[in-house]
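Each chain gets a letter, A, B and so on, in the order its sequence line appears, and its residues count up from 1. The shown structure was predicted, so the numbers you read here are calculated from the model rather than taken from an experiment.
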Protein chains: 2
Amino acid sequence: MIRVLLAEDQGMMRGALALLLGMEEDIEVVAQVAAGDEIVPAALTARPDVALLDIELPGRSGLDAAADLRVRCPGCRVLILTTFGRPGYLRRAMEAGAAGFLVKDGPVEELAAAVRRVLAGEKVIDPALAAAALGAGPNPLTARERDVLNAAADGATVADVAARVSLSESTVRNHLSSVIGKTGTRNRMEALRAARRQGWL
Amino acid sequence: MIRVLLAEDQGMMRGALALLLGMEEDIEVVAQVAAGDEIVPAALTARPDVALLDIELPGRSGLDAAADLRVRCPGCRVLILTTFGRPGYLRRAMEAGAAGFLVKDGPVEELAAAVRRVLAGEKVIDPALAAAALGAGPNPLTARERDVLNAAADGATVADVAARVSLSESTVRNHLSSVIGKTGTRNRMEALRAARRQGWL
DNA sequence: CCCCGGGCATGACATTTGTCCTGCCCGGGT
DNA sequence: ACCCGGGCAGGACAAATGTCATGCCCGGGG
């Protein structure tokens with residue numbers, strides 16, 4: 001019996017996946033969580049063999065939780081299941097020690113198969129996605145630049161961002177100008193979209 | 001046997017829902033589509049009793065398709081199934097003649113139940129959402145303002161937008177200024193977020 | 001008939017944004 | 001000891017953005 005933990009915020013999706021997986025003879029869903037910060041605690045009590053994690057979750061990113069599971073719950077394989085096949089997401093997933101990376105497109109049949117393959121020690125990665133991730137190179141943004149970009153993501157003005165991250169307005173503008181340069185875009189809005197598309201968040 | 005058409009772009013979600021609904025004794029999924037512009041053709045050949053439609057679909061909005069089904073396929077009830085419980089979406093769904101409006105949170109069990117209730121002639125709407133939709137009032141944006149805002153949604157400059165919608169730059173700025181005013185925001189980015197949140201798109 | 005809202009357009013203006021240059025501090029490599 | 005990348009900040013400048021007043025045209029309603 002393969003013990004599976006399921007982390008997914010959309011109730012209907014989570015319920016449907018749980019039912020589907022539960023229908024397989026050799027799979028058992030031993031825990032379901034809807035938030036990122038519930039993943040590690042649930043894994044510690046439920047002791048799953050495979051953790052099926054969404055990335056965009058309330059509370060905490062599935063990728064962060066994956067990195068934690070690596071040390072807090074060794075022997076528990078991580079399979080990332082996400083809407084977006086962003087190169088940066090795949091890269092971060094691999095760095096976090098994930099054993100597989102699935103996108104929510106693609107047929108349902110893939111899911112149970114991927115769970116079994118991951119448990120068998122295989123890596124499960126879409127080859128096309130892998131190529132894209134390798135070709136795109138690593139995240140060129142510095143931590144500070146990501147902070148500032150995130151703080152500006154909701155349309156905040158320079159002054160707002162400066163207040164949020166406790167920086168001078170000049171510095172904020174310098175950082176923003178820098179990410180605009182690195183993304184090859186013309187303004188923060190385009191830069192934001194570009195960074196998101198790459199999974200640089 | 002209730003004949004159901006399923007329109008949902010995410011492969012895994014679509015597959016999972018189809019399997020779940022198919023498991024009900026009285027429900028049969030007679031068509032599955034992944035794009036908005038496939039809905040009406042599929043409905044015309046498959047003759048479903050209930051059309052379960054996502055809103056955000058490639059090709060065409062599920063809401064537009066719903067309005068079309070009203071005339072092209074009368075007797076076919078529409079049940080909207082969407083990620084976002086935006087007031088404006090619900091309002092538009094009702095105006096398009098939908099019989100129900102479900103959000104993808106909430107338990108899976110709701111789904112089959114909603115299909116049956118819709119077929120029985122009931123309206124299926126979350127009361128809290130209905131209250132929000134009524135309280136929010138109608139969409140204050142004019143058609144042109146929506147066009148311009150959409151054209152600016154990807155970070156395009158005023159010049160870009162003007163070219164896209166064939167307007168003078170001055171007019172574009174006037175329209176943008178107007179939506180900023182109507183949304184009570186400070187710039188186009190905030191205005192965009194506000195409009196999206198309301199479902200005014 | 002007149003008024004009003006909507007679309008379109010200009011020009012003027014203040015503010016914000018993005019760029020560039022300079023400078024300082026720090027820590028890690030060579 | 002030296003350099004370099006990163007973070008931080010200031011100033012100066014050009015370009016983009018947002019506001020406002022004005023004007024014109026149209027169609028629908030009172």
Side-chain angles (χ1 to χ4, degrees), chain A residues 88 91-92 95 136-201, chain B residues 88 91-92 95 136-201:
Chain A
R91 176 178 291 264
R92 280 199 273 161
E95 285 166 4
N139 186 341
L141 304 183
T142 70
R144 248 334 189 216
E145 285 165 354
R146 286 196 300 275
D147 288 347
V148 171
L149 191 54
N150 272 315
D154 61 351
T157 67
V158 171
D160 295 339
V161 176
R164 284 189 203 171
V165 292
S166 308
L167 283 178
S168 110
E169 299 195 13
S170 311
T171 307
V172 169
R173 280 146 68 128
N174 287 338
H175 282 310
L176 284 175
S177 186
S178 174
V179 326
I180 290 170
K182 287 179 179 176
T183 51
T185 52
R186 295 174 299 169
N187 53 50
R188 55 182 83 176
M189 200 138 162
E190 284 190 351
L192 192 61
R193 290 170 56 86
R196 279 208 230 268
R197 188 156 35 76
Q198 296 289 329
W200 292 341
L201 218 148
Chain B
R91 176 178 292 264
R92 280 199 273 162
E95 286 166 4
N139 186 342
L141 304 183
T142 69
R144 248 336 189 213
E145 285 165 353
R146 286 195 301 273
D147 287 347
V148 170
L149 191 55
N150 272 315
D154 61 352
T157 66
V158 171
D160 296 339
V161 176
R164 282 188 204 171
V165 294
S166 307
L167 283 177
S168 110
E169 299 194 14
S170 312
T171 308
V172 169
R173 280 148 64 134
N174 287 338
H175 282 310
L176 284 176
S177 186
S178 174
V179 325
I180 291 171
K182 286 180 179 176
T183 51
T185 52
R186 293 173 302 167
N187 55 48
R188 54 182 81 177
M189 198 133 164
E190 285 191 350
L192 193 61
R193 289 171 56 86
R196 279 206 227 271
R197 189 158 33 78
Q198 295 290 328
W200 293 340
L201 216 149

Student: Which nucleotide in the list D:dA9, C:dG18, D:dT17 gets nearest to the side chain of A:Arg188?
Tutor: C:dG18

Student: Could you tell me if the side chain of A:Trp200 sits less than 4.5 Å from the side chain of A:Thr183, heavy atoms only?
Tutor: yes

Student: Report yes if some heavy atom in the side chain of A:Leu167 is under 4.5 Å from a heavy atom in the side chain of A:His175; otherwise report no.
Tutor: yes

Student: Looking at every heavy atom in both A:Ala151 and A:Val165, which two are closest together, and how far apart are they?
Tutor: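 In this case the closest contact between A:Ala151 and A:Val165 is CB-CG1, 4.1 Å.
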
Student: Starting at CG of A:Leu167 and ending at C1' of C:dC25, how long is that distance when rounded to a whole Å?
Tutor: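 Distance, rounded to whole Å: 15 Å.
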
Student: If the cut-off is 4.0 Å, is B:Thr157 near the phosphate of D:dA16, judged by side-chain N/O to OP1 or OP2?
Tutor: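 It does not, given that no N or O in the side chain of B:Thr157 lies less than 4.0 Å from OP1 or OP2 of D:dA16.
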
Student: Once you round it to whole Å, what is the distance between P of C:dG7 and CG of B:Leu141?
Tutor: 10 Å

Student: Quick one: B:Lys182 NZ to C:dG7 P, roughly how many Å, whole number?
Tutor: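 Distance check: B:Lys182 NZ to C:dG7 P gives 7 Å.
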
Student: Which residue, B:Ser170 or B:Glu145, contacts DNA chain C at a nucleotide closer to its 5' end, judged by nearest heavy atom?
Tutor: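 Nearest nucleotide further toward 5': that of B:Glu145.
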
Student: Please determine which of A:Arg173, A:Arg144, A:Glu145 meets the side-chain hydrogen bond (donor to acceptor under 3.5 Å, both in side chains) test together with A:Ser178.
Tutor: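 Result for side-chain hydrogen bond (donor to acceptor under 3.5 Å, both in side chains) with A:Ser178: A:Glu145.
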
Student: For D:dC20 and B:Ser177 - does any side-chain N or O of the residue sit under 4.0 Å from the phosphate oxygens OP1/OP2?
Tutor: no

Student: What nucleic acid atoms does A:Arg173 come within less than 4.0 Å of, heavy atoms only: base, sugar-phosphate, or nothing?
Tutor: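 Touches a base.
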
Student: B:Ile180 CD1 to D:dC20 P: how many Å, rounded?
Tutor: 11 Å

Student: Under 4.0 Å: is that the gap between some side-chain N or O of A:Thr171 and OP1 or OP2 of D:dG7?
Tutor: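 Checking D:dG7 against A:Thr171, no side-chain N or O comes under 4.0 Å of OP1 or OP2.
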
Student: Under a plain distance cut-off of 3.5 Å, with no hydrogens placed, do A:Thr157 and A:Asp160 share a side-chain donor-acceptor pair?
Tutor: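 A:Asp160 vs A:Thr157: donor-acceptor pair found between side chains.
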
Student: When all nucleic acid strands are considered with a 4.0 Å heavy-atom cut-off, which category describes B:Asn174: base, sugar-phosphate, or nothing?
Tutor: base

Student: Which whole-number value in Å describes the distance from B:Met189 CE to D:dA16 P?
Tutor: 19 Å

Student: For B:Asp147 and C:dG6, give me the distance from atom CG to atom P, rounded to whole Å.
Tutor: 15 Å

Student: State whether B:Thr142 places a side-chain N or O below 4.0 Å from either non-bridging phosphate oxygen (OP1 or OP2) of C:dG7.
Tutor: yes

Student: Between C:dT10, D:dG18, D:dG7, which one does the side chain of B:Ser168 approach most closely?
Tutor: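 Closest nucleotide to the B:Ser168 side chain: C:dT10.
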
Student: Would you mind reading off the distance between B:Glu169 atom CD and C:dC8 atom C1', rounded to a whole angstrom?
Tutor: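 That distance rounds to 14 Å.
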
Student: Would you mind reading off the distance between B:Asp160 atom CG and D:dA16 atom C1', rounded to a whole angstrom?
Tutor: 12 Å

